[in-house]
Visitor: 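My structure is below; once you've seen it, I'll send some questions.
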Amino acid sequence: MSNPRLEIDCAKIAVNARLLIDKLKRHGIDVVPVTKVFMGHPKVAAMLVESGANMLADSRIENIERMRRAGITIPIMLIRSPMLSQVDRVVLNCEVSLNTELQIIRALAKAAKKAGYYHGVIIMVELGDLREGVMPEQLSNTIRQTLALSNIELKGIGANLACRYGVAPEQENMAQLAKLMLEVENQFGIRLQVISGGSSASLLWAFSLDQRSCVTQLRLGESIYFGVEALNKRPIAGANTDAITLVAEVIESNKKPSAPWGRRYKNAFGESPEVKNRKLVDQALLALGRQDVNPSGITPPTGITIVASSSDHMVVESVRKPLKVGQEIRFKLDYVGLLSAMTSPYVRKYFYQ
Ligand SMILES: *Cc1c(COP(=O)(O)O)cnc(C)c1O
């Protein structure tokens with residue numbers, strides 16, 4: 001196997017997907033697995049379908065088209081507002097999209113009409129995290145204008161929290177979403193099929209529910225792949241937290257002084273790291289750099305510390321015994337680590353069952 005590489009255990013991820021689908025079903029909530037961190041990889045998509053998902057979601061049309069080419073036929077939701085320049089591709093490949101701009105919804109309507117399709121729309125509402133969403137006082141106007149469009153089916157409303165400012169989804173903002181839902185239903189005499197309540201950051205709230213909430217759907221990525229809820233990163237009981245590993249190879253190993261010598265300028269990344277002289281250390285270089293992975297998103301095994309990283313090298317120190325050239329080091333990753341390694345063309349991806 002080549003290095004660096006990602007090892008992705010699909011069987012472990014499937015366990016997590018099933019667990020979350022079952023657990024949330026008891027609260028009346030459908031899980032829509034989000035495939036963006038795997039760039040819509042067909043193996044992951046197929047595994048999620050097999051695990052019981054009846055809809056998938058992705059933020060990028062390229063990933064969705066990739067899943068369609070691979071023969072994924074269940075409905076797919078685009079979870080970033082479509083670009084005006086991509087509406088034709090969106091109506092062809094997605095049953096539903098999350099939306100905030102009337103101009104774009106009108107363009108979707110036009111594209112859908114041209115293609116002879118219907119396109120489902122969920123209007124996102126701003127609940128305080130200040131990323132996507134129409135302001136609550138604008139919602140009624142946006143709904144009215146959306147309902148007037150042909151070839152557009154208003155599926156419901158939704159919200160996203162925790163992404164920009166880490167605003168927690170909880171009783172209070174979810175109650176505001178419920179109130180907005182009721183206002184829309186009463187004002188227009190309609191029933192909203194979908195209340196798309198949030199992401200893996202909503203699980204603490206969802207698991208604490210003792211009765212049904214208005215939320216009918218959560219869009220889950222991180223919790224399925226890492227087995228954790230996204231606010232405190234605590235493991236979910238029964239879920240696998242070790243499905244994904246990054247492997248890198250040692251290319252130099254030496255006892256070296258811990259303090260540099262010679263006149264110092266800023267380093268290759270414009271930093272001047274402080275130095276503490278710790279005498280001789282067991283230093284090794286891994287063939288793993290910032291072109292492969294964001295070093296802040298990976299955790300080395302016990303006994304090994306990451307001390308520096310540049311484009312192509314990672315400098316580590318080992319406290320127990322010196323590493324050997326050719327030795328493989330296995331890292332745990334978080335979402336940031338996985339996102340960067342998945343999108344690096346230098347990292348080989350191995351999916352196994
Ligand atoms: C990425 C994304 C999600 C999934 O987030 P996770 O934290 O991975 O569960 C949900 N909703 C939107 C709008 C997203 O962009």
Side-chain angles (χ1 to χ4, degrees), residues 8 13 16-17 19-21 23-24 29-41 44-45 48 51 53 55-64 67 76-83 90 94 96-101 104 120-134 155-169 173-174 177 194-207 215-236 239 241 243-244 297 333-343:
I8 298 135
I13 296 174
N16 296 356
L19 179 90
L20 285 163
I21 290 172
K23 231 168 136 68
L24 288 166
I29 296 174
D30 291 324
V31 171
V32 181
V34 175
T35 48
K36 68 185 179 208
V37 76
F38 283 111
M39 301 167 80
H41 198 287
V44 174
L48 292 166
S51 305
M55 180 185 267
L56 296 176
D58 203 290
S59 52
R60 289 169 193 264
I61 192 66
E62 293 80 1
N63 296 347
I64 294 172
M67 292 191 275
I76 302 184
M77 173 161 74
L78 179 67
I79 56 173
R80 182 176 69 183
S81 174
M83 295 183 216
V90 173
C94 311
V96 192
S97 56
L98 302 184
N99 283 271
T100 61
E101 287 286 348
I104 294 175
V121 160
I122 292 174
I123 309 290
M124 297 296 274
V125 195
E126 179 59 67
L127 292 184
D129 197 51
L130 296 176
R131 202 179 68 179
E132 73 269 46
V134 302
K155 292 279 186 192
I157 60 174
N160 194 67
L161 288 164
C163 274
R164 179 174 170 197
Y165 283 115
V167 172
N173 36 36
M174 289 300 108
L177 192 61
V194 182
I195 307 296
S196 190
S199 67
S200 299
S202 296
L203 288 176
L204 281 185
W205 163 81
F207 293 157
V215 169
T216 67
Q217 173 188 92
L218 289 180
R219 314 171 299 268
L220 302 184
E222 182 170 3
S223 51
I224 294 180
Y225 306 127
F226 292 96
V228 298
E229 54 76 28
L231 283 185
N232 304 315
K233 315 286 179 192
R234 289 224 186 88
I236 296 163
T241 55
I244 306 158
L333 298 93
D334 63 14
Y335 195 83
V336 168
L338 178 61
L339 190 74
S340 54
M342 267 309 295
T343 41

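Order of listing sets the numbers, starting from 1, for every ligand and every atom in it.
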Visitor: Going by the order shown, which atoms of ligand 1 are within less than 4.0 Å of some heavy atom of E132?
Guide: 13 (C)
Visitor: Backbone N or O of D58 within a donor-acceptor pair of the N63 side chain at under 3.5 Å?
Guide: no
Visitor: Give yes or no for whether the N/O distance cutoff of 3.5 Å, strictly under, is met between I79 and ligand 1.
Guide: no
Visitor: How long is the gap from CD1 on I8 to CZ on F38, to the nearest 0.5 Å?
Guide: 5.0 Å
Visitor: In Å, rounded to the nearest 0.5 Å, how long is the span from CZ of R60 to CE of M39?
Guide: 8.5 Å
Visitor: How long is the span from the CD atom in E126 to the CG atom in N173, to the nearest 0.5 Å?
Guide: 10.5 Å
Visitor: Using a 4.0 Å cut-off to any heavy atom of N160, which atoms of ligand 1 qualify?
Guide: 11 (N), 12 (C), 13 (C)
Visitor: For ligand 1, which atoms sit closer than 4.0 Å to a heavy atom of R131?
Guide: 13 (C), 15 (O)
Visitor: Under a 4.0 Å heavy-atom limit, does S200 contact ligand 1 with its side chain, its backbone, both, or neither?
Guide: both
Visitor: Would you name the heavy atoms of V134 and I123 that are closest together and state the gap between them?
Guide: CG2-CG2, 4.1 Å
Visitor: Mind checking whether S59 has an N or O less than 3.5 Å away from an N or O of ligand 1?
Guide: no
Visitor: Applying a 4.0 Å heavy-atom criterion (strictly less than), which segment of M77 is in contact with ligand 1: side chain, backbone, both, or neither?
Guide: neither
Visitor: Name the closest protein heavy atom to atom 5 (O) of ligand 1, giving the residue it belongs to and the distance to 0.1 Å.
Guide: S199 CB, 3.4 Å
Visitor: Quick one: nearest non-hydrogen protein atom to atom 11 (N) of ligand 1, plus distance?
Guide: R219 NE, 2.9 Å
Visitor: Can you measure from CG (L204) to CD1 (I236) and round to the nearest 0.5 angstrom?
Guide: 9.0 Å
Visitor: So, taking the atom named CG in L19 and the one named CG in L24, what distance separates them when rounded to the nearest 0.5 Å?
Guide: 9.0 Å
Visitor: Which atoms of ligand 1 sit under 4.0 Å from any heavy atom of L220?
Guide: 9 (O)
Visitor: Quick one: which of M124, K36, R80 has a heavy atom closest to atom 15 (O) of ligand 1?
Guide: K36
Visitor: Return yes or no for this condition: an N or O of S223 is under 3.5 Å from an N or O of ligand 1.
Guide: no
Visitor: How long is the straight-line distance from CD of E222 back to CG of L203, given to the nearest 0.5 Å?
Guide: 9.5 Å
Visitor: Specify the closest pair of heavy atoms between S97 and P82, including all atoms of both residues, with the distance to one decimal.
Guide: OG-CG, 3.8 Å
Visitor: Just need the protein heavy atom nearest to atom 8 (O) of ligand 1, so name the residue and atom and give the distance.
Guide: E222 N, 2.8 Å
